[in-house]
Amino acid sequence: KALNFLKNKKVKLESIGAEDIVDGNPRLTLGLIWTLILRFEIQEVYLEDESVERRSAKEGLLVWCQRMTAGHRNVRVDNFTTSWRDGLAFNALIHKFRPDLIEFDQLRPNQAEKNLRNAFDVAANDLGIPRLLDPEDVNIMRPDDKSIMTQLVAYYKYFTRLKTEETSTKRIVKVVGMVLEGEQLE
């Protein structure tokens with residue numbers, strides 16, 4: 001039933017069947033899990049000023065990360081692996097939206113473990129963003145791009161929802177202000 005549901009949702013399932021899952025084939029099962037994450041989580045990444053040309057979800061997420069971390073000292077996001085290893089980019093994302101939670105100028109590139117722990121603790125404890133990674137998962141020679149992308153989608157969803165809520169609040173305040181101004185004129 002589940003695989004039929006995925007086929008109906010136009011999720012491409014190549015070389016995997018129910019028997020592969022039941023037999024515990026780790027390679028195919030992990031491939032299926034990644035396909036689900038990609039289809040139902042990462043594919044929802046949209047950029048505000050999206051041009052006529054469409055980006056893949058992965059490219060869109062990378063561009064969003066680059067834009068949100070731009071201007072932060074010692075942060076250069078080029079990929080979903082080594083760009084995140086020292087923890088500065090994770091902290092920069094949080095700092096962009098909630099500068100009150102991260103003392104970015106106090107962070108040092110050579111303190112990767114501390115930086116990663118700081119970002120993951122703040123995200124989980126102060127923002128409620130699920131912790132999908134530990135510093136030990138990222139502070140390695142070549143971190144897993146799929147794991148980092150999955151964590152970043154949680155950041156993306158949280159911060160885009162936050163921005164939408166702020167925009168709605170500003171609109172409501174503006175309308176209320178206009179109504180009050182109109183009443184004063186009467």
Side-chain angles (χ1 to χ4, degrees), residues 33-34 37-174:
I33 291 170
W34 174 245
I37 291 169
L38 187 62
R39 171 63 171 83
F40 293 106
E41 292 293 319
I42 297 174
Q43 194 164 14
E44 295 179 11
V45 174
Y46 301 104
L47 301 175
E48 284 181 10
D49 62 344
E50 191 66 61
S51 61
V52 178
E53 64 189 57
R54 292 293 299 164
R55 289 185 163 92
S56 73
K58 184 176 178 178
E59 290 170 335
L61 182 61
L62 185 62
V63 168
W64 179 81
C65 291
Q66 290 168 336
R67 289 179 182 174
M68 298 305 110
T69 59
H72 285 86
R73 178 183 43 83
N74 295 319
V75 176
R76 182 180 166 139
V77 175
D78 294 321
N79 55 51
F80 292 111
T81 55
T82 55
S83 294
W84 302 90
R85 207 169 40 201
D86 66 9
L88 292 177
F90 286 108
N91 281 284
L93 280 176
I94 297 169
H95 185 259
K96 167 73 175 175
F97 294 94
R98 292 291 309 272
D100 57 310
L101 296 177
I102 301 286
E103 293 184 44
F104 195 82
D105 291 336
Q106 303 301 313
L107 302 174
R108 300 288 171 253
N110 62 345
Q111 297 176 328
E113 186 95 11
K114 182 179 175 186
N115 298 339
L116 289 162
R117 193 164 311 289
N118 182 64
F120 297 156
D121 287 348
V122 168
N125 300 334
D126 296 324
L127 304 175
I129 297 174
R131 180 192 300 258
L132 305 176
L133 297 171
D134 290 316
E136 300 79 26
D137 299 324
V138 184
N139 188 19
I140 57 176
M141 190 59 111
R142 182 123 175 112
D144 180 63
D145 64 331
K146 293 173 178 67
S147 298
I148 290 178
M149 286 174 66
T150 304
Q151 181 69 72
L152 290 172
V153 166
Y155 281 61
Y156 169 83
K157 286 186 172 198
Y158 177 84
F159 289 124
T160 54
R161 187 183 78 237
L162 182 69
K163 187 173 182 184
T164 301
E165 290 170 2
E166 286 175 356
T167 301
S168 298
T169 301
K170 286 178 184 175
R171 287 181 182 156
I172 291 169
V173 168
K174 185 177 180 179

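Taking each heavy atom of D137 and I140 in turn, the nearest pair found is O-CD1, 3.6 Å. In terms of heavy-atom proximity, I148 sits nearest to F80 at CD1-O, 3.3 Å. Shortest non-hydrogen contact noted between R85 and V138 is CG-O, 3.2 Å. Between I129 and A154, the closest heavy-atom pair is CG2-CB, 3.8 Å.
The pair R98-D100 meets the salt-bridge criterion, since a charged nitrogen lies less than 4.0 angstrom from a carboxylate oxygen. Ion pairing between R131 and D121 holds under the 4.0 Å rule for side-chain N and carboxylate O.
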Q. Checking side-chain contact (heavy atoms from CB on, under 4.5 Å) for the pair N74/H72: CA distance, chi angles, key distance, verdict?
A. CA-CA 6 Å; N74 295 319; H72 285 86; over 6 Å; no
Q. Would Y156 and L61 count as a side-chain contact (heavy atoms from CB on, under 4.5 Å) if you check the C-alpha gap in whole Å, the side-chain angles of each, and the deciding distance to 0.1 Å?
A. CA-CA 8 Å; Y156 169 83; L61 182 61; 4.2 Å; yes
Q: Evaluate the side-chain contact (heavy atoms from CB on, under 4.5 Å) criterion for residues L152 and W84: first the C-alpha distance (whole Å), next the side-chain angles of each, then the deciding distance (0.1 Å), finally the verdict.
A: CA-CA 10 Å; L152 290 172; W84 302 90; 3.5 Å; yes
Q: Check the pair F97 / Y155 against side-chain contact (heavy atoms from CB on, under 4.5 Å), numbers first and verdict last.
A: CA-CA 11 Å; F97 294 94; Y155 281 61; over 6 Å; no
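We find the NZ-NZ distance between K58 and K146 to be 6.5 Å, quoted to the nearest 0.5 Å. Taking CD of Q111 as the reference point, atom NZ of K114 lies at 4.5 Å (rounded to 0.5 Å). Rounding to the nearest 0.5 Å places CZ of R67 at 11.0 Å from NZ of K96. Separating the CG atom in D145 from the CG atom in L62 is a distance of 11.0 Å, to the nearest 0.5 Å.
Using a 4.5 Å heavy-atom cutoff, the side chains of L133 and L116 are not in contact. Under the 4.5 Å side-chain criterion, counting only non-hydrogen atoms from C-beta, D134 is not in contact with F120.
Residue R73 places its CZ atom among more than 12 non-hydrogen atoms of other residues, nucleotides or ligands, all under 6.0 Å distant. Other residues, nucleotides and ligands place no more than 12 heavy atoms under 6.0 Å from the CD atom of E103.
Among residues two or more places apart in sequence or in another chain, the side chain to side chain donor-acceptor pair (under 3.5 Å) test is passed with N79 by T81, T82, S83. With sequence neighbours left out, R108 forms a salt bridge (Lys or Arg N to Asp or Glu O under 4.0 Å) with no residue at all.
Ring geometry for F104 against H95 counts as tilted: the plane angle lies between 30° and 60°, on a 0 to 90° scale.
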Table please: side-chain donor-acceptor pairs of residues 86-94 below 3.5 Å, with sequence neighbours left out.
| unit_1 | atom_1 | unit_2 | atom_2 | d |
| --- | --- | --- | --- | --- |
| D86 | OD1 | L88 | N | 3.0 |
| N91 | OD1 | N118 | ND2 | 2.7 |
| N91 | ND2 | G87 | O | 2.8 |
| N91 | ND2 | N115 | O | 2.8 |

